[in-house]
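Throughout, numbering of the chain's residues begins at 1 and tracks the sequence. The structure presented is a predicted model; accordingly, all values stated were derived computationally and were not measured.
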Amino acid sequence: MLKRLRGVPDQLLHGSRRRAALAALRTRRPPPRVLVICSGNLYRSPFAAAVLQRELARHGVGEVLVESAGFAGPGRASPRHAVAAAARRGVDIAGHVSQLAFADVVRAAGLIVVMEEPHRRTIRERFGRAAGDVLLLGDLDPEPVASRAIEDPVQQGPEVCDRVYARIERCVTQLAQALRIAMTSASPL
């Protein structure tokens with residue numbers, strides 16, 4: 001019961017947060033570089049980065065560099081069930097190797113996409129990034145949400161990975177559309 005009550009503010013504020021995030025993306029200067037961050041850079045961020053790269057290319061905005069990183073454990077491959085879940089969605093993360101979110105990579109990004117509020121705080125506090133430079137991906141979900149955070153499938157079954165990847169794909173599709181609008185509105189006529 002307590003867990004459900006904690007999610008009530010996220011549920012109630014989701015619509016306004018979503019509108020605000022999309023409006024901010026559409027009116028900001030298009031980023032030449034996007035960095036997607038999660039905890040270990042094994043499940044969520046590599047998948048989200050690959051989907052974003054695919055969607056931007058599909059919309060003719062392929063000149064944006066999309067990278068992913070995490071806060072722990074560099075040099076690890078994504079688990080087999082994550083690779084399989086991504087492949088079912090047409091995304092190949094089989095060759096992915098986790099990277100750390102180093103200061104130079106974080107500072108070079110025009111937009112940083114995170115999975116959880118603690119990630120946003122860490123990016124702002126540790127790397128001095130402005131609030132407007134860091135986007136909580138779950139805020140873009142076009143469906144009702146129980147939480148702003150994108151669930152971490154680490155040490156959970158393949159069905160959780162499938163559910164998480166479906167949500168990431170919904171959110172990233174919204175992100176790509178907003179970036180495409182920002183790119184086209186910023187282009188000279």
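Taking CD from E117 and CZ from R121, the interatomic distance works out to 5.5 Å, rounded to the nearest 0.5 Å. Here the straight-line distance linking atom CZ of R124 with atom NE2 of H119 works out to 15.5 Å at 0.5 Å rounding. Taken to the nearest 0.5 Å, the CZ atom of R170 stands 10.0 Å off from the OG1 atom of T173. Distance check, rounded to the nearest 0.5 Å: CD of E116 to OG of S147 gives 8.5 Å. Rounded to the nearest 0.5 angstrom, R54 CZ and E169 CD are separated by 5.0 Å. Remark: T27 OG1 to I181 CD1 distance equals 11.0 Å, nearest 0.5 Å.
Side-chain contact between R28 and L25: present, with at least one pair of heavy atoms (C-beta onward) separated by less than 4.5 Å. Side-chain contact check for P79 versus V154: every heavy-atom pair is 4.5 Å or farther apart. Between P46 and N41 the shortest side-chain heavy-atom distance falls below 4.5 Å. Taking 4.5 Å as the limit, every side-chain heavy atom of R126 sits out of range of all side-chain heavy atoms of V106. In this structure the side chain of L137 reaches within 4.5 angstrom of the side chain of I168, judged on heavy atoms. Side-chain contact between M115 and V36 is present, with heavy atoms from C-beta onward closer than 4.5 Å. Within the 4.5 Å cutoff, no side-chain heavy atoms of I37 are placed close to those of S45. Side-chain contact between F71 and I123 is present, with heavy atoms from C-beta onward closer than 4.5 Å.
When every heavy atom of L140 is checked against every heavy atom of A21, the shortest pair comes out as CD2-CB, 3.7 Å. Between R44 and V164 the shortest heavy-atom distance is CG-CG1, 4.1 Å. Scanning all heavy atoms of the two residues, the minimum distance from R120 to A131 falls at NH1-O, 4.1 Å. When all heavy atoms of D133 and G110 are compared, the pair lying nearest together is OD1-O, 4.2 Å. Residues A176 and H59 approach most closely at CB-CD2, 4.4 Å, considering heavy atoms. Here the closest heavy-atom approach between residue V145 and residue R167 is recorded as CG1-NH2, 3.3 Å.
The same ILVMFWY cluster, assembled from side-chain heavy atoms under 4.5 Å apart, contains both V64 and V113. Tracing side-chain contacts under 4.5 Å through hydrophobic residues (I, L, V, M, F, W, Y), one reaches V172 starting from L135; they form part of the same cluster. Linking ILVMFWY side-chain heavy atoms closer than 4.5 Å, directly or via other members, places L179 and V134 in two distinct hydrophobic clusters. Linking ILVMFWY residues whenever their side-chain heavy atoms come closer than 4.5 Å, directly or via other members, leaves V114 and L42 in distinct clusters. Transitive grouping of hydrophobic side chains (ILVMFWY, heavy atoms separated by less than 4.5 Å) keeps I112 and V66 in distinct clusters.
Each of H14, R18, R148 was compared with D139 under the side-chain hydrogen bond (donor to acceptor under 3.5 Å, both in side chains) criterion, and only R148 meets it. The side-chain hydrogen bond (donor to acceptor under 3.5 Å, both in side chains) test with E67 is passed by exactly one of R33, Q99, Q53: R33.
Counted within 6.0 Å of CD on E63, heavy atoms from surrounding residues, nucleotides or ligands total more than 12; the atom is thus considered enclosed.
Relative orientation of the Y165 and F47 rings is parallel, given thresholds of 30° and 60° on the angle between their planes.
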* Asked: Should H96 and Y43 be marked as a ring pair (Phe, Tyr, Trp, His ring centres under 6.0 Å) after you check the CA-CA gap, both sets of side-chain angles, and the distance that decides it?
  -> CA-CA 10 Å; H96 174 74; Y43 291 89; over 10 Å; no

